[in-house]
Amino acid sequence: MNAGLPVLSRSVRSKPSVPVRPWIRLQRTPFERPKATVEWAELIGRVAAHGDRDAFRLLFEHFAPRVKGLLMKIGTDRETAEEIAQNTLLAVWRKAAQFDPSSGGAAAWIFTIARNLRIDAARRAMRQARADQPDAVDDADDIVESPEMLMTRSEDVSRVAAALLRLSDEQSKVVRMSFIEERPHAEIAEVLGIPLGTVKSRIRLAMNRLRDLLDEPT
Amino acid sequence: MTISHHPPDELIADFATGRLDEANHLVVAVHLTQCPACRRFAGAMEHLAGAALEASEPVSMRADAFEAVLAKLDQPQPAPRAEVSSPSTLPDEDLPEILRRCRFGKQRRVAPGLKMQPIILPSASQSRAFLLWSAPGARMLQHSHSGTELTCVLKGSFSHEAGRYGPGDFDFGDGEVDHQPVVGPEEPCLCVVAMTGDLELHGLLGRMISPFVRL
Ligand SMILES: [Zn+2]
(Lines give C-alpha, C1' and ligand atoms only; values in the text may rest on other atoms or scores of the structure.)
Protein backbone atom coordinates (compact mmCIF):
# COMPACT_ATOMS: atom_id res chain seq x y z
CA MET A 1 0.00 0.00 0.00
CA ASN A 2 2.66 2.48 0.99
CA ALA A 3 4.73 1.27 -1.91
CA GLY A 4 1.85 2.08 -4.21
CA LEU A 5 2.08 5.75 -3.40
CA PRO A 6 5.75 6.60 -3.59
CA VAL A 7 5.07 10.25 -4.27
CA LEU A 8 3.13 10.61 -1.09
CA SER A 9 6.08 10.07 1.15
CA ARG A 10 8.38 11.94 -1.16
CA SER A 11 6.72 15.27 -1.51
CA VAL A 12 3.42 15.62 0.29
CA ARG A 13 4.96 15.57 3.72
CA SER A 14 6.47 18.53 5.41
CA LYS A 15 9.72 16.72 5.86
CA PRO A 16 11.00 13.26 5.22
CA SER A 17 10.11 10.94 8.01
CA VAL A 18 12.93 9.75 10.12
CA PRO A 19 13.67 6.05 9.92
CA VAL A 20 12.26 4.34 12.95
CA ARG A 21 14.59 2.06 14.74
CA PRO A 22 13.29 -1.32 15.69
CA TRP A 23 12.02 -1.68 19.19
CA ILE A 24 9.85 -4.16 20.90
CA ARG A 25 6.86 -2.89 22.75
CA LEU A 26 3.16 -2.25 22.27
CA GLN A 27 2.12 -5.52 23.80
CA ARG A 28 -1.10 -3.92 24.93
CA THR A 29 -3.62 -1.65 23.37
CA PRO A 30 -5.48 0.96 25.39
CA PHE A 31 -8.72 -0.73 24.44
CA GLU A 32 -7.76 -3.58 26.73
CA ARG A 33 -7.38 -1.18 29.57
CA PRO A 34 -10.78 0.39 30.14
CA LYS A 35 -9.97 1.03 33.78
CA ALA A 36 -6.95 3.17 32.91
CA THR A 37 -8.93 5.05 30.28
CA VAL A 38 -11.66 5.92 32.75
CA GLU A 39 -9.06 6.97 35.26
CA TRP A 40 -7.38 9.49 32.95
CA ALA A 41 -10.72 10.89 31.90
CA GLU A 42 -11.66 11.22 35.56
CA LEU A 43 -8.47 13.08 36.35
CA ILE A 44 -9.06 15.47 33.47
CA GLY A 45 -12.58 15.96 34.80
CA ARG A 46 -11.22 16.84 38.24
CA VAL A 47 -8.88 19.38 36.68
CA ALA A 48 -11.80 20.88 34.77
CA ALA A 49 -14.19 20.91 37.72
CA HIS A 50 -12.01 22.28 40.48
CA GLY A 51 -8.51 22.85 39.22
CA ASP A 52 -7.29 19.80 41.08
CA ARG A 53 -3.49 20.03 41.11
CA ASP A 54 -2.97 16.53 42.46
CA ALA A 55 -4.91 15.13 39.55
CA PHE A 56 -2.88 17.35 37.26
CA ARG A 57 0.37 16.03 38.69
CA LEU A 58 -0.69 12.45 37.94
CA LEU A 59 -1.56 13.40 34.39
CA PHE A 60 1.73 15.22 34.01
CA GLU A 61 3.80 12.37 35.37
CA HIS A 62 2.13 9.87 33.08
CA PHE A 63 1.76 11.78 29.84
CA ALA A 64 4.55 14.36 29.68
CA PRO A 65 7.37 11.77 29.41
CA ARG A 66 5.36 9.81 26.85
CA VAL A 67 4.70 12.86 24.72
CA LYS A 68 8.40 13.63 24.88
CA GLY A 69 9.29 10.04 24.00
CA LEU A 70 6.88 9.86 21.08
CA LEU A 71 8.06 13.19 19.67
CA MET A 72 11.70 12.20 19.90
CA LYS A 73 10.94 8.91 18.21
CA ILE A 74 9.45 10.71 15.21
CA GLY A 75 12.48 12.95 14.88
CA THR A 76 11.89 15.95 17.12
CA ASP A 77 15.04 17.06 18.94
CA ARG A 78 15.20 16.62 22.71
CA GLU A 79 14.94 20.33 23.53
CA THR A 80 11.88 20.93 21.37
CA ALA A 81 10.27 17.69 22.54
CA GLU A 82 10.67 18.78 26.18
CA GLU A 83 9.13 22.17 25.45
CA ILE A 84 6.21 20.71 23.50
CA ALA A 85 5.60 18.11 26.22
CA GLN A 86 5.45 20.87 28.86
CA ASN A 87 3.15 23.01 26.73
CA THR A 88 0.96 20.00 25.99
CA LEU A 89 0.28 19.45 29.67
CA LEU A 90 -0.20 23.17 30.18
CA ALA A 91 -2.85 23.02 27.45
CA VAL A 92 -4.42 19.98 29.14
CA TRP A 93 -4.85 22.15 32.23
CA ARG A 94 -6.31 25.05 30.29
CA LYS A 95 -8.57 23.06 27.98
CA ALA A 96 -9.66 20.37 30.44
CA ALA A 97 -13.26 21.58 30.24
CA GLN A 98 -13.29 20.94 26.50
CA PHE A 99 -12.46 17.26 26.91
CA ASP A 100 -15.40 14.95 26.31
CA PRO A 101 -15.10 12.04 28.77
CA SER A 102 -17.55 9.93 26.77
CA SER A 103 -15.06 9.80 23.91
CA GLY A 104 -13.01 7.35 25.93
CA GLY A 105 -9.92 8.82 24.40
CA ALA A 106 -7.89 10.78 26.92
CA ALA A 107 -4.68 9.67 25.25
CA ALA A 108 -6.03 10.51 21.79
CA TRP A 109 -7.08 13.95 23.01
CA ILE A 110 -3.67 14.61 24.52
CA PHE A 111 -2.05 13.32 21.34
CA THR A 112 -3.98 15.84 19.25
CA ILE A 113 -2.86 18.67 21.53
CA ALA A 114 0.78 17.59 21.22
CA ARG A 115 0.40 17.17 17.48
CA ASN A 116 -1.00 20.67 17.05
CA LEU A 117 1.78 22.15 19.15
CA ARG A 118 4.35 20.29 17.11
CA ILE A 119 2.84 21.63 13.89
CA ASP A 120 2.84 25.14 15.34
CA ALA A 121 6.47 24.76 16.41
CA ALA A 122 7.46 23.51 12.96
CA ARG A 123 5.62 26.38 11.29
CA ARG A 124 7.19 28.90 13.62
CA ALA A 125 10.63 27.49 12.87
CA MET A 126 9.89 27.70 9.17
CA ARG A 127 8.83 31.33 9.45
CA GLN A 128 11.86 32.20 11.49
CA ALA A 129 14.08 30.51 8.95
CA ARG A 130 12.69 32.90 6.39
CA ALA A 131 14.38 36.02 7.57
CA ASP A 132 12.41 38.10 5.09
CA GLN A 133 9.13 37.25 6.74
CA PRO A 134 9.38 38.18 10.39
CA ASP A 135 6.31 37.30 12.34
CA ALA A 136 5.93 39.38 15.44
CA VAL A 137 2.84 37.54 16.61
CA ASP A 138 4.66 34.45 17.76
CA ASP A 139 6.38 33.90 21.02
CA ALA A 140 7.34 30.82 22.95
CA ASP A 141 4.22 30.81 25.11
CA ASP A 142 1.87 31.06 22.19
CA ILE A 143 -0.10 27.86 22.31
CA VAL A 144 -2.95 28.99 20.15
CA GLU A 145 -3.94 26.30 17.71
CA SER A 146 -3.73 26.96 14.06
CA PRO A 147 -7.21 27.67 12.74
CA GLU A 148 -7.51 24.64 10.52
CA MET A 149 -6.77 22.41 13.49
CA LEU A 150 -9.90 23.32 15.34
CA MET A 151 -12.19 20.95 13.50
CA THR A 152 -10.34 17.70 13.73
CA ARG A 153 -12.10 16.38 16.81
CA SER A 154 -14.89 14.57 15.12
CA GLU A 155 -18.38 15.19 16.38
CA ASP A 156 -19.13 11.50 16.53
CA VAL A 157 -16.31 10.30 18.70
CA SER A 158 -18.37 7.55 20.27
CA ARG A 159 -18.98 6.04 16.85
CA VAL A 160 -15.27 6.08 16.17
CA ALA A 161 -14.50 4.50 19.52
CA ALA A 162 -17.15 1.83 18.94
CA ALA A 163 -15.73 1.00 15.52
CA LEU A 164 -12.22 0.68 16.90
CA LEU A 165 -13.44 -1.61 19.65
CA ARG A 166 -14.86 -3.93 17.03
CA LEU A 167 -11.62 -4.05 15.14
CA SER A 168 -9.71 -7.11 16.24
CA ASP A 169 -6.64 -6.57 18.35
CA GLU A 170 -4.29 -7.69 15.61
CA GLN A 171 -6.04 -5.50 13.08
CA SER A 172 -5.81 -2.31 15.12
CA LYS A 173 -2.21 -3.12 15.93
CA VAL A 174 -1.23 -3.55 12.30
CA VAL A 175 -2.98 -0.32 11.28
CA ARG A 176 -1.32 1.58 14.08
CA MET A 177 2.13 0.24 13.27
CA SER A 178 1.81 0.95 9.59
CA PHE A 179 -0.07 4.24 9.48
CA ILE A 180 0.76 5.94 12.75
CA GLU A 181 4.21 4.65 13.59
CA GLU A 182 5.15 4.15 9.94
CA ARG A 183 7.12 1.04 10.51
CA PRO A 184 8.31 -0.75 7.39
CA HIS A 185 6.36 -3.86 6.53
CA ALA A 186 9.42 -6.02 7.16
CA GLU A 187 9.62 -4.74 10.71
CA ILE A 188 5.91 -5.27 11.32
CA ALA A 189 6.33 -8.83 10.07
CA GLU A 190 9.16 -9.37 12.52
CA VAL A 191 7.40 -7.84 15.52
CA LEU A 192 4.16 -9.70 14.90
CA GLY A 193 5.89 -12.89 13.83
CA ILE A 194 3.96 -13.20 10.58
CA PRO A 195 5.19 -13.61 6.99
CA LEU A 196 5.93 -10.40 5.09
CA GLY A 197 3.27 -11.26 2.52
CA THR A 198 0.65 -11.46 5.24
CA VAL A 199 1.40 -7.94 6.50
CA LYS A 200 0.19 -6.25 3.34
CA SER A 201 -3.03 -8.21 3.10
CA ARG A 202 -3.73 -7.79 6.81
CA ILE A 203 -3.32 -4.02 6.55
CA ARG A 204 -5.64 -3.88 3.56
CA LEU A 205 -8.26 -6.04 5.26
CA ALA A 206 -8.03 -4.01 8.45
CA MET A 207 -8.41 -0.72 6.61
CA ASN A 208 -11.42 -1.95 4.67
CA ARG A 209 -13.03 -3.25 7.82
CA LEU A 210 -12.34 0.00 9.64
CA ARG A 211 -13.91 2.02 6.82
CA ASP A 212 -16.95 -0.28 6.88
CA LEU A 213 -17.34 -0.08 10.64
CA LEU A 214 -17.06 3.70 10.56
CA ASP A 215 -19.75 3.89 7.90
CA GLU A 216 -22.23 1.78 9.85
CA PRO A 217 -24.95 3.83 11.48
CA THR A 218 -25.11 3.26 15.21
CA MET B 1 -23.87 16.61 -1.31
CA THR B 2 -22.71 13.16 -2.32
CA ILE B 3 -18.98 12.80 -2.13
CA SER B 4 -17.52 9.97 -4.13
CA HIS B 5 -13.82 10.76 -4.29
CA HIS B 6 -11.77 10.76 -1.09
CA PRO B 7 -8.13 11.29 -0.18
CA PRO B 8 -6.02 8.11 0.01
CA ASP B 9 -5.95 6.54 3.50
CA GLU B 10 -2.26 7.38 3.93
CA LEU B 11 -2.94 11.03 3.32
CA ILE B 12 -5.62 11.14 6.03
CA ALA B 13 -3.33 9.28 8.43
CA ASP B 14 -0.58 11.81 7.69
CA PHE B 15 -3.08 14.59 8.27
CA ALA B 16 -4.20 13.13 11.59
CA THR B 17 -0.64 12.68 12.80
CA GLY B 18 0.40 16.16 11.67
CA ARG B 19 2.87 15.13 9.01
CA LEU B 20 1.55 17.15 6.07
CA ASP B 21 3.03 20.32 4.69
CA GLU B 22 0.86 23.37 5.39
CA ALA B 23 -0.76 23.69 1.95
CA ASN B 24 -1.55 19.98 1.69
CA HIS B 25 -2.83 20.03 5.24
CA LEU B 26 -5.23 22.82 4.37
CA VAL B 27 -6.72 21.11 1.33
CA VAL B 28 -7.21 17.81 3.18
CA ALA B 29 -8.81 19.79 6.02
CA VAL B 30 -11.24 21.38 3.57
CA HIS B 31 -12.31 17.92 2.39
CA LEU B 32 -12.74 16.75 5.99
CA THR B 33 -15.06 19.64 6.79
CA GLN B 34 -17.30 18.41 3.94
CA CYS B 35 -16.97 14.66 4.44
CA PRO B 36 -18.23 12.94 7.63
CA ALA B 37 -16.81 9.56 6.59
CA CYS B 38 -13.27 10.85 6.25
CA ARG B 39 -13.69 12.88 9.42
CA ARG B 40 -14.52 9.70 11.29
CA PHE B 41 -11.58 7.99 9.65
CA ALA B 42 -9.28 10.79 10.77
CA GLY B 43 -10.79 10.47 14.26
CA ALA B 44 -9.98 6.75 14.21
CA MET B 45 -6.39 7.56 13.27
CA GLU B 46 -6.22 9.97 16.21
CA HIS B 47 -7.46 7.24 18.53
CA LEU B 48 -4.80 4.88 17.23
CA ALA B 49 -2.24 7.63 17.68
CA GLY B 50 -3.46 7.92 21.27
CA ALA B 51 -2.75 4.21 21.60
CA ALA B 52 0.73 4.81 20.23
CA LEU B 53 1.20 7.59 22.79
CA GLU B 54 0.12 5.30 25.64
CA ALA B 55 2.57 2.68 24.43
CA SER B 56 5.47 5.00 23.72
CA GLU B 57 8.69 4.73 25.64
CA PRO B 58 8.68 7.47 28.32
CA VAL B 59 11.66 9.84 28.26
CA SER B 60 12.39 11.64 31.53
CA MET B 61 11.38 15.27 31.67
CA ARG B 62 13.81 17.88 32.96
CA ALA B 63 13.96 17.94 36.74
CA ASP B 64 12.24 21.32 36.98
CA ALA B 65 9.62 20.62 34.31
CA PHE B 66 6.62 20.17 36.56
CA GLU B 67 7.42 23.28 38.60
CA ALA B 68 7.92 25.27 35.41
CA VAL B 69 4.47 24.27 34.20
CA LEU B 70 2.87 24.83 37.62
CA ALA B 71 4.21 28.37 37.58
CA LYS B 72 2.36 29.00 34.34
CA LEU B 73 -0.99 27.56 35.35
CA ASP B 74 -2.39 30.80 36.68
CA GLN B 75 -0.98 33.07 34.02
CA PRO B 76 -3.54 34.56 31.69
CA GLN B 77 -3.90 32.73 28.41
CA PRO B 78 -2.91 34.34 25.16
CA ALA B 79 -5.98 35.49 23.28
CA PRO B 80 -6.85 33.32 20.31
CA ARG B 81 -5.93 34.97 17.07
CA ALA B 82 -8.60 33.77 14.74
CA GLU B 83 -9.16 36.75 12.60
CA VAL B 84 -11.71 36.05 9.92
CA SER B 85 -11.48 38.20 6.84
CA SER B 86 -14.37 40.55 6.40
CA PRO B 87 -16.75 39.30 3.71
CA SER B 88 -15.94 42.15 1.35
CA THR B 89 -12.34 41.05 1.05
CA LEU B 90 -13.10 37.37 0.53
CA PRO B 91 -12.53 36.00 -2.96
CA ASP B 92 -15.84 34.15 -2.90
CA GLU B 93 -18.81 34.61 -0.59
CA ASP B 94 -19.51 30.90 -0.20
CA LEU B 95 -16.10 29.78 0.99
CA PRO B 96 -16.14 27.25 3.83
CA GLU B 97 -15.28 28.65 7.25
CA ILE B 98 -11.80 27.18 7.25
CA LEU B 99 -10.90 29.07 4.07
CA ARG B 100 -12.52 32.27 5.27
CA ARG B 101 -9.82 32.38 7.92
CA CYS B 102 -7.07 32.37 5.32
CA ARG B 103 -5.25 35.33 3.89
CA PHE B 104 -5.23 35.65 0.14
CA GLY B 105 -2.86 37.09 -2.39
CA LYS B 106 -3.79 38.89 -5.54
CA GLN B 107 -6.22 37.28 -7.94
CA ARG B 108 -4.97 36.86 -11.46
CA ARG B 109 -5.89 35.40 -14.81
CA VAL B 110 -3.61 32.58 -15.88
CA ALA B 111 -5.25 31.64 -19.17
CA PRO B 112 -8.52 32.28 -20.93
CA GLY B 113 -11.31 31.06 -18.64
CA LEU B 114 -8.89 30.33 -15.83
CA LYS B 115 -8.01 32.50 -12.86
CA MET B 116 -6.31 31.82 -9.58
CA GLN B 117 -5.72 33.44 -6.23
CA PRO B 118 -2.88 32.33 -3.97
CA ILE B 119 -3.52 31.52 -0.31
CA ILE B 120 -0.83 33.01 1.86
CA LEU B 121 0.70 30.30 4.03
CA PRO B 122 3.86 31.72 5.55
CA SER B 123 5.26 28.39 6.59
CA ALA B 124 4.43 26.07 3.71
CA SER B 125 7.77 24.52 2.92
CA GLN B 126 7.25 22.66 -0.32
CA SER B 127 3.69 23.05 -1.40
CA ARG B 128 1.61 26.08 -2.30
CA ALA B 129 -2.13 26.53 -2.15
CA PHE B 130 -4.48 28.56 -4.26
CA LEU B 131 -8.08 28.93 -5.33
CA LEU B 132 -8.72 28.10 -8.95
CA TRP B 133 -11.73 29.20 -10.99
CA SER B 134 -12.42 27.76 -14.39
CA ALA B 135 -15.16 28.68 -16.81
CA PRO B 136 -18.10 26.30 -17.44
CA GLY B 137 -17.32 23.84 -20.19
CA ALA B 138 -13.65 24.77 -20.23
CA ARG B 139 -11.30 22.07 -21.35
CA MET B 140 -8.28 22.37 -19.19
CA LEU B 141 -4.89 21.86 -20.70
CA GLN B 142 -3.58 18.37 -20.62
CA HIS B 143 -1.00 18.34 -17.91
CA SER B 144 1.03 16.23 -15.60
CA HIS B 145 2.96 17.06 -12.47
CA SER B 146 6.47 16.63 -11.33
CA GLY B 147 5.12 16.64 -7.78
CA THR B 148 1.62 16.21 -6.40
CA GLU B 149 -1.61 18.06 -6.86
CA LEU B 150 -4.31 17.89 -4.21
CA THR B 151 -7.64 19.33 -5.24
CA CYS B 152 -10.91 19.76 -3.38
CA VAL B 153 -13.91 20.98 -5.34
CA LEU B 154 -15.88 23.79 -3.73
CA LYS B 155 -18.37 24.66 -6.48
CA GLY B 156 -19.27 23.31 -9.89
CA SER B 157 -17.57 20.20 -11.22
CA PHE B 158 -14.98 18.78 -13.53
CA SER B 159 -14.42 15.36 -15.04
CA HIS B 160 -11.42 13.42 -16.20
CA GLU B 161 -10.50 9.80 -16.81
CA ALA B 162 -11.13 8.86 -13.16
CA GLY B 163 -14.68 10.20 -13.06
CA ARG B 164 -16.72 13.25 -12.19
CA TYR B 165 -15.72 15.53 -9.32
CA GLY B 166 -18.37 17.69 -7.66
CA PRO B 167 -18.44 19.77 -4.48
CA GLY B 168 -16.51 18.12 -1.67
CA ASP B 169 -14.79 15.63 -3.95
CA PHE B 170 -11.06 15.23 -3.57
CA ASP B 171 -8.65 14.54 -6.39
CA PHE B 172 -5.18 13.27 -5.70
CA GLY B 173 -2.81 13.64 -8.61
CA ASP B 174 0.78 12.57 -8.59
CA GLY B 175 3.58 12.36 -11.11
CA GLU B 176 2.00 9.38 -12.79
CA VAL B 177 -1.14 11.07 -14.02
CA ASP B 178 -1.44 12.91 -17.25
CA HIS B 179 -5.00 14.10 -17.40
CA GLN B 180 -7.15 16.62 -19.14
CA PRO B 181 -10.02 17.76 -16.93
CA VAL B 182 -13.17 19.15 -18.52
CA VAL B 183 -15.20 21.59 -16.46
CA GLY B 184 -18.91 20.84 -16.11
CA PRO B 185 -21.25 23.06 -18.12
CA GLU B 186 -23.51 24.06 -15.20
CA GLU B 187 -21.47 26.80 -13.54
CA PRO B 188 -17.88 27.93 -13.07
CA CYS B 189 -15.79 25.43 -11.14
CA LEU B 190 -14.08 26.64 -7.99
CA CYS B 191 -11.42 24.43 -6.40
CA VAL B 192 -8.85 24.76 -3.68
CA VAL B 193 -5.57 23.26 -4.81
CA ALA B 194 -2.28 22.39 -3.14
CA MET B 195 0.60 21.77 -5.45
CA THR B 196 4.17 20.66 -5.14
CA GLY B 197 6.65 20.60 -7.95
CA ASP B 198 5.89 22.01 -11.36
CA LEU B 199 3.05 21.68 -13.72
CA GLU B 200 3.93 20.35 -17.14
CA LEU B 201 1.66 21.30 -19.97
CA HIS B 202 1.33 19.18 -23.07
CA GLY B 203 0.11 19.69 -26.57
CA LEU B 204 0.75 22.54 -28.95
CA LEU B 205 -1.34 25.08 -27.07
CA GLY B 206 0.27 24.07 -23.83
CA ARG B 207 3.72 24.61 -25.26
CA MET B 208 2.66 27.94 -26.63
CA ILE B 209 1.20 29.32 -23.45
CA SER B 210 3.22 27.52 -20.81
CA PRO B 211 5.75 30.36 -20.56
CA PHE B 212 2.85 32.54 -19.41
CA VAL B 213 1.18 30.10 -17.07
CA ARG B 214 2.60 30.15 -13.65
CA LEU B 215 0.43 28.49 -11.09
ZN1 LIG C 1 -13.97 11.83 2.27
Side-chain angles (χ1 to χ4, degrees), chain A residues 2 5 7-8 11-14 25-26 29-30 60 64-70 72-73 82 85-86 89-90 93-94 105 107-108 110-112 115 118-119 123 126-127 133 135 137 141-142 144 147-148 151-152 154 156-157 159-161 163-164 172 175-176 179-181 207 210-211 214-215, chain B residues 8-11 13-14 16-22 24-26 29 32-33 36-37 39-62 65-66 68-70 72-73 77-78 80-82 98 101 122-123 125-127 147-148 174-175 196-197:
Chain A
N2 285 323
L5 288 165
V7 180
L8 210 58
S11 59
V12 176
R13 297 233 176 102
S14 48
R25 47 178 195 75
L26 304 182
T29 78
F60 189 97
R66 283 174 172 77
V67 169
K68 187 175 179 181
L70 187 65
M72 286 174 63
K73 199 178 70 203
E82 168 84 25
Q86 288 191 23
L89 272 293
L90 180 58
W93 172 269
R94 288 177 174 168
I110 292 171
F111 169 82
T112 60
R115 172 199 66 192
R118 189 175 75 87
I119 290 175
R123 290 182 178 182
M126 180 68 66
R127 284 197 292 272
Q133 293 191 357
D135 195 336
V137 181
D141 276 344
D142 182 4
V144 178
E148 71 269 30
M151 41 62 64
T152 54
S154 62
D156 35 18
V157 272
R159 201 159 146 187
V160 169
L164 284 169
S172 74
V175 170
R176 185 177 73 208
F179 286 82
I180 308 298
E181 297 166 2
M207 291 304 267
L210 181 57
R211 280 276 191 185
L214 289 169
D215 286 341
Chain B
D9 293 339
E10 288 86 350
L11 204 55
D14 281 353
T17 50
R19 287 193 279 248
L20 291 183
D21 187 69
E22 193 172 10
N24 294 323
H25 188 97
L26 176 66
L32 292 184
T33 63
R39 214 154 53 224
R40 284 195 294 275
F41 187 78
M45 292 299 120
E46 288 172 353
H47 265 74
L48 291 173
L53 174 61
E54 269 291 354
S56 81
E57 210 67 63
V59 173
S60 302
M61 297 292 285
R62 274 204 302 260
F66 185 65
V69 171
L70 271 188
K72 288 184 186 169
L73 294 187
Q77 295 185 48
R81 65 181 140 109
I98 178 170
R101 296 167 184 271
S123 54
S125 59
Q126 295 157 355
S127 54
T148 59
D174 62 19
T196 59

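Chain identifiers are assigned alphabetically (A, B, ...) following the order of the sequence lines, protein sequences preceding nucleic acid strands; residue numbering begins at 1 within each chain.
Chain A forms the most heavy-atom pairs under 4.5 Å with one residue out of B/A65, B/A37, B/A13, and that residue is B/A65. The greatest number of non-hydrogen atom pairs below 4.5 Å with chain B, out of A/I180, A/V67, A/I110, A/L89, is found for A/I180.
At a 4.5 Å heavy-atom cutoff, A/A163 makes no contact with chain B through either its backbone or its side chain. In this structure, chain A has heavy atoms under 4.5 Å from both the backbone and the side chain of B/T17.
In this structure, the side chain of B/E22 does not engage the main chain of A/R123 through any donor-acceptor pair within 3.5 Å. A donor-acceptor pair under 3.5 Å links the side-chain atoms of A/R115 to the main chain of B/A16, judged by distance alone. In this structure a side-chain-to-backbone donor-acceptor pair under 3.5 Å is present from B/R39 to B/T33.
When every heavy atom of A/R118 is checked against every heavy atom of B/G18, the shortest pair comes out as NH2-O, 3.2 Å.
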